[in-house]
Structures are given as C-alpha cells and as structure tokens.
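Computed from heavy atoms alone, side chains included, the values below leave out hydrogens, waters and symmetry copies.
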Amino acid sequence: MAARKPKVIVTRKLPDPVETRMRELFDAELNLSDEAMGREQLEEAVGRCDVLAPTITDRIDAALLEKAGERLKLIANFGAGVDHIDVAAANARGITVTNTPGVLTEDTADLTMALVMATARRIVEGANVVQAGGFTGWTPTWMMGRRITGKRLGIIGMGRIGTAVARRARAFGLQIHYHNRKPVSPRIAEELEATYWDSLDQMLARMDIISVHSPHTPATYHLLSARRLKLLQPHAIVVNTARGEIIDEQALADLLEAGKIAGVGLDVFEREPAINEKLLKLPNAVLLPHLGSATIEGRIDMGEKVIINIRTWMDGHKPPDRVIPSML
C-alpha cells in the first residue's frame, strides 16, 4: 500500500511546473486565484495541513500558530527571507521551518546593478519624459546623471548577494567597500580589492553609492536610521534590494526631497505594498515592485527548493534548508 501523501497547502500561485510537480508528489491544495489569504483562511489552513507553503505576503506569527492542528509539522517557505514567520514559536511547537536560500543570488545582484545604473543615469526619469512626448531633441546640459566608473560603492551586508553585487560592480569600475559583521575571507577581499569598514557610520560618510544587502532582523531594523542617513554626502545614492524595514523610509524621503542625497533606487519598502507618498512624487526615486527574484528561472528554482525540503522531511530527515532561531 502506498504511503499517504502529506497535505500541503500552498498560499499563493506558483509557476506552473512547480505546481504540477507538487500535485504529483503531494496532496497539494493550490491557490489558483493568487489572492493573498486572509487571516481566517490561514487559520483554517494551519488547522488541517501537514505542510504549509507560505510566501512573504503571509504573516505566520505566534497567534496564528496557536491555531495549528497536530498535523502541521513543516512550514516550507517559498522565499529566502523568513521575517514574516515566528521561527521561535514554530520551533517551540515542534514545527520545522525551511526557506529557499542561494537560488536568488544572481537575479537579485543583477537587479541591484540595474537600480544603480537607473538611479545614477536617470534612466526611468528620461524614459518617462520620452513616453510623455516631452523629448524635443538633444541638448548639452539636459538630463545629466553621474558616471559610476571610479566611484565608491559601500555594500552593507557582504553575504552571497552582496559579494555577487561586488563582482558585477568591479566590472563597471567601481571601488568596493563594505560593512559586515566580520571581514570576508582574504581570497575574496583580494579578488574584489574590497575595503572593510568595521564602523558603518564612517563608511556611510565616504561613499558615493550605498547598496543594502542585510537580512531583516530586530538588530537590522532601521539600521539606516535618520541619524545615519544624514551622514551621507549630498551626491550619494542609496539602493535597497534587501528588506524595506532596514531603512527609515520617512527619513530617506525627507532627505531626498530636501536635496540632501541625490537619488534612491528601491525594490522593497518599509510598509510594503504601501510606499511613502513623497517617494512616489520625486523624479530621483526609482521604485520597483519587489522584482528581486522575479525571473522565470529564479521562481522555478525556489519552488524546487520547497519541494526538496518537503520530500526530505517526508523521508524522516532534516531538510537541507532548515531555519532555526539561532540563525536569525
């Protein structure tokens, strides 16, 4: 007799190849409408599944986990970030949490460099002028941006994505500086000719471009606070493809509006999907709708990671991408 397939509830629509494979392997309940589940729907789901496969749009907090049935033993997150999941509360209830690290590195690094270029060279602003019929011909002093070759790039968080950004930035002639909990290996530092700053404040005051790649944890909430943002030079630009909560968005908008910094390129927002009204009105703010992992290849790879984690758990082994509170 075949073993019972675990009940897996998927909270959002995933790429078709991923959903098809899930239906083959599990008793998978899919969300074909792709509408985010409300609180009552999530409570109902955790009460009757063996595995919940949520995304960043789902708030899996301690109160929700109190509603979980005895069957729920795995939360297989579709995404690398787990700040929307109370991992400690899940572990206390004997529920394993997994994520999908590693597969988003190249896509996010590509998008980061796109934001650096778009912000420095006013690409979106210029495209909007053309599409609105405002282009009347070339002039020597119109729509001037800034050259990035030779500029100093300060990377906050030199993990997989930060390092991938540094490699790309070197090809554009940028000088690499970084702030991290500890220096990278001598081999990587030599390859990138990277300068380590143990003081974030000192690094911020000297950079032309700041790129954020830290995880969102209690320790990194508003890491770029109003005080720290004021350390930036007036010609500096700030790029964030990590988590919106790392930057004080109101302070960022105020400084940008006042001309105290030159531009921002943001793929994530502090109160996503809400965006500060000032940022929406400023032409030197390049704003994207959380596209960091939005490639066909990246999203399929994420889904395959979810499946591997579930299959490994089914076989009685520790999933390869298990998240424990001490990691956060």
Side-chain angles (χ1 to χ4, degrees), residues 56-57 59 61 79-86 108 111-116 118-120 122 124-125 146 151-159 161-162 165 177-181 197-292 328:
I56 192 173
T57 59
R59 188 69 183 167
D61 55 23
V82 292
D83 45 292
H84 58 295
I85 301 173
D86 191 327
T108 306
L111 190 75
T112 299
M113 287 306 302
L115 276 172
V116 169
T119 306
R122 303 173 68 178
V124 174
E125 187 181 355
R146 286 184 177 272
K151 299 298 191 297
R152 293 184 176 94
L153 169 65
I155 296 174
I156 302 176
M158 198 70 154
I161 295 174
V165 169
H177 296 250
Y178 71 100
H179 170 76
N180 205 41
R181 286 181 292 182
W197 294 83
D198 58 358
S199 168
L200 177 57
D201 287 8
Q202 290 186 19
M203 185 181 81
L204 291 173
R206 293 165 171 82
M207 296 299 109
D208 303 299
I209 303 165
I210 294 293
S211 189
V212 180
H213 300 287
S214 299
H216 174 221
T217 68
T220 62
Y221 175 76
H222 280 192
L223 182 66
L224 287 186
S225 61
R227 179 190 68 80
R228 282 195 166 124
L229 289 169
K230 289 176 182 177
L231 298 173
L232 294 170
Q233 301 181 69
H235 68 267
I237 67 173
V238 177
V239 171
N240 187 7
T241 56
R243 285 289 183 267
E245 295 89 342
I246 298 170
I247 301 179
D248 183 335
E249 192 170 292
Q250 182 61 52
L252 184 71
D254 290 344
L255 290 169
L256 188 63
E257 183 183 49
K260 299 297 180 62
I261 54 177
V264 300
L266 305 176
D267 187 43
V268 289
F269 306 93
E270 186 173 351
R271 296 173 182 84
E272 196 170 312
I275 302 171
N276 186 285
E277 289 291 332
K278 285 185 180 179
L279 291 175
L280 292 170
K281 297 174 182 177
L282 294 170
N284 50 347
V286 179
L287 311 175
L288 299 181
H290 205 140
L291 297 179
L328 304 177

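- In this view, D198 satisfies the salt bridge (charged side-chain N to carboxylate O under 4.0 Å, His left out) rule with no residue, not counting sequence neighbours.
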side-chain contact (heavy atoms from CB on, under 4.5 Å) between L224 and L204, intermediate numbers included: CA-CA 10 Å; L224 287 186; L204 291 173; 3.8 Å; yes
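- Residue pairs satisfying the salt bridge (Lys or Arg N to Asp or Glu O under 4.0 Å) criterion with at least one member in residues 235-245, sequence neighbours excluded, are listed as follows: D83-R243.
- Not a single salt bridge (charged side-chain N to carboxylate O under 4.0 Å, His left out) links E272 to another residue, sequence neighbours left out.
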Verdict with reasoning, L223 to L200, per side-chain contact (heavy atoms from CB on, under 4.5 Å): CA-CA 9 Å; L223 182 66; L200 177 57; 3.9 Å; yes
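- In this structure, S225 has no side chain to side chain donor-acceptor pair (under 3.5 Å) partners at least two apart in sequence or on a different chain.
- When the side chain to side chain contact (heavy atoms under 4.5 Å, CB included) test is applied to D208, the partners found at least two apart in sequence or on another chain are K151, R152, H235.
- Under a 3.5 Å cut-off, the side chain of T220 and the backbone N or O of I246 do not form any donor-acceptor pair.
- A heavy-atom distance below 4.5 Å is not found between the side chains of V212 and V268.
- Remark: L153 CG to Y178 OH distance equals 13.0 Å, nearest 0.5 Å.
- Scored by the side chain to side chain contact (heavy atoms under 4.5 Å, CB included) test, L255 finds L229, K230, K260, I261 as partners (sequence neighbours excluded).
- Contacts of R206 classified as side chain to side chain donor-acceptor pair (under 3.5 Å), with partners at least two apart in sequence or in another chain: none.
- Partners of T108 according to the side chain to side chain contact (heavy atoms under 4.5 Å, CB included) rule, which considers only residues two or more places apart in sequence or in another chain, are L104, T112, I161, T241.
- Between the CD atom in E249 and the CG atom in L256 there is a gap of 11.5 Å [rounded to 0.5 Å].
- Residues passing the side chain to side chain contact (heavy atoms under 4.5 Å, CB included) test with K278, sequence neighbours excluded: Q250, A253, D254, E257, N276.
- Here the CG-CG distance, from D61 to D86, works out to 7.0 Å after rounding to the nearest 0.5 Å.
- Residues passing the side chain to side chain donor-acceptor pair (under 3.5 Å) test with H213 are S211, sequence neighbours excluded.
- Sorted pairs that involve residues 213-225 and meet salt bridge (Lys or Arg N to Asp or Glu O under 4.0 Å), not counting sequence neighbours, are lacking altogether.
- With respect to the salt-bridge test (charged N to carboxylate O, under 4.0 angstrom), the residues D248 and R228 do not qualify.
- One distance of note links CG of L279 with CG of L266; it measures 6.5 Å at 0.5 Å rounding.
- Under the rule for a salt bridge (charged side-chain N to carboxylate O under 4.0 Å, His left out), R59 has no partner lying at least two apart in sequence or in another chain.
- Between the OG1 atom of T119 and the CG atom of L287 there is a distance of 9.0 Å, given to the nearest 0.5 Å.
- There is no side-chain donor-acceptor pair under 3.5 Å between H179 and Q202.
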